[in-house]
Amino acid sequence: MVLDIHKESFLLERYPQTKDNNLRAWSNAELMALDYVKDYDSKTIHTFNDRFGVWSCVLNKLDVRVIITHASQQKAIVQNLERNSLDSKVSFLDPLEDYKRVDLALIKTPKSLELFELFLYNIHRSAHENTEVICCFMTKHFSKSMLEIAELYFETTEQTKAWKKARLLILKKPKKDILAKELVNRIEFDGNLFLQYYGVFSSSRIDIGTKFFLENINIKNTETRVLDLACGNGVIGYVVTEQNPEAEVTFIDDFSLAIESAKINLNNKKAVFICSDTIIDLKGKEFDVVLSNPPFHFEFENNIEVSLSLFEMVCDCLKKEGRFVLVANKHLNYKTHLSKIFNSVEVIKENKKFMIYECLK
Ligand SMILES: C[S@@+](CC[C@H](N)C(=O)[O-])C[C@H]1O[C@@H](n2cnc3c(N)ncnc32)[C@H](O)[C@@H]1O
């Protein structure tokens, strides 16, 4: 799709691609932020949650430092820069690293307000008295908590008028004497303590679907090569290592803070950690079991396209007699889809809300 803005045209696509033609690679909220900073002479801009790269492309002539939270986000941005023959030597930063000095920051406010706080906290650490933060969002996603979080870190918080159902929240004057804070949640589960960075799936407890799954999986002694697909804080793989201490678990997630959380929780265990949105590179790895509570929510959108493409890849990573066991909401009706990929698909357990499927190659 072509975006015409500030007398320039950009060809911008989503990654991963979607069959839903109504979904664009940018929102009015991001365009509103671009318009607001059009005449700024700030040389360095830090961007947060530039999901598909509209800011990286339109602001390419400036020194843009892109905070990357998702492996798929980085791919989307690089692809769109290349598509527009723009300089792809953009600085990509990790959300937890020291940004050194932030003059101007653009945030597309994420659905997780904890992640929003993590962004603001880290900006604040590198802020000076003239630092300005432009947060953009669709008005239907505004909540009072967004404002309350912003007020923890900035003296001045002003909202603009709405434009095409979007609005900006402008933050100025970083507050002084903010106490250092650990941006992690602590979750007790089954006698163990799990830590997870702000923004990681199911922030205050182990998800009920995951819990149901964990009550019903049995890892055999012979199953030592295990993949925890879309691992979040790593709780599924952790339980595997409890059931079979010989198991070596590979943890994979698209979200870097999920992988960093799993690393903390699996400290001292035989484990491999990969931040990626695909398992194509694991083709031929011959796992005995792949386990998953697959993704379904992506920010404010729900879709099963990502999960379906992961399911197709699972088959190529399993050994001949290997099994894929997953939990999902009943209404997603995955059996139809899984049956097209696997030789046998059985519902091994269900309750009112969830189904656990076991698929054999
Ligand atoms: C429903 S959560 C499950 C998390 C964890 N396994 C649990 O049960 O608590 C789904 C996870 O999928 C991750 N995810 C989303 N898209 C992904 C992709 N393409 N590849 C790998 N992980 C993905 C999300 O970041 C999220 O952590």
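Counting starts at 1 for both ligands and their atoms, following the listed order.
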Numbered atoms and elements of ligand 1 in range of Ile236, under 4.0 angstrom, heavy atoms: 6 (N), 8 (O)
Logged contact type for Asp253 with ligand 1, heavy-atom cut-off 4.0 Å, is both
Near Val306, which atoms of ligand 1 are under 4.0 Å from a heavy atom of that residue? 19 (N)
Under 3.5 Å between some N or O of ligand 1 and some N or O of Asp254? yes
Give the single entry among Phe296, Phe201, Phe251, Phe213 that approaches atom 2 (S) of ligand 1 most closely by any heavy atom. Phe201
Heavy-atom distances under 4.0 Å decide this one: backbone, side chain, both or neither, for Phe298 against ligand 1? side chain
Kindly confirm or rule out an N or O of Thr210 lying under 3.5 angstrom from an N or O of ligand 1. yes
For ligand 1, is any non-hydrogen atom under 4.0 Å from Asp207's backbone (N, CA, C, O), its side chain (CB onward), both, or neither? neither
State whether the shortest distance between N or O atoms of Asp277 and N or O atoms of ligand 1 falls below 3.5 angstrom. yes
Do NZ/NE/NH1/NH2 and the carboxylate oxygens of Glu223 and Arg323 come within less than 4.0 Å? yes
Ligand 1 versus Cys231, non-hydrogen atoms closer than 4.0 Å: side chain, backbone, both, neither? backbone
Salt bridge or not between Arg65 and Glu97? Use side-chain N to carboxylate O under 4.0 Å. no
Pull out every atom of ligand 1 sitting under 4.0 Å from any heavy atom of Phe255, numbered as shown with elements. 25 (O)
Apart from Val2 itself, what residues make up its hydrophobic cluster when side-chain heavy atoms of I, L, V, M, F, W and Y under 4.5 Å apart count as a link, directly or indirectly? Leu11
I'd like to know if the side chain of Glu246 pairs up with that of Thr224 as donor and acceptor (distance under 3.5 Å, no hydrogens or angles considered). no
Structural part of Ser276 in contact with ligand 1, heavy atom criterion under 4.0 angstrom: backbone
Quick test of your reading of the model: are Glu321 and Lys220 salt-bridged, counting only N-O distances below 4.0 Å? no
Is any side-chain N of the basic residue among Lys176 and Glu129 closer than 4.0 Å to the acidic one's carboxylate O? no
re atom 3 (C) of ligand 1, the protein heavy-atom contact at minimum distance is Asn293 O, 3.3 Å
Near Gly232 (heavy-atom distance under 4.0 Å), the atoms of ligand 1 are 4 (C), 5 (C), 27 (O)
For the ring pair His141 and Phe300, is the centre-to-centre distance below 6.0 Å? yes
With Phe287 via ring pair (Phe, Tyr, Trp, His ring centres under 6.0 Å) - residues at least two apart: none
Will you find, in the side chains of Asp20 and Asn303, an N or O donor that is under 3.5 Å from an N or O acceptor? no
Among Ala230, Cys275, Ser309, Ala328, which one has a heavy atom closest to atom 4 (C) of ligand 1? Ala230
Begin with the C-alpha distance, continue with both residues' side-chain angles, and end with the deciding distance and a verdict on salt bridge (Lys or Arg N to Asp or Glu O under 4.0 Å) for Lys61 and Glu8. CA-CA 13 Å; Lys61 292 189 190 91; Glu8 286 188 281; 3.4 Å; yes
Within reach of ligand 1, part of Pro294 (heavy-atom separation under 4.0 Å): backbone
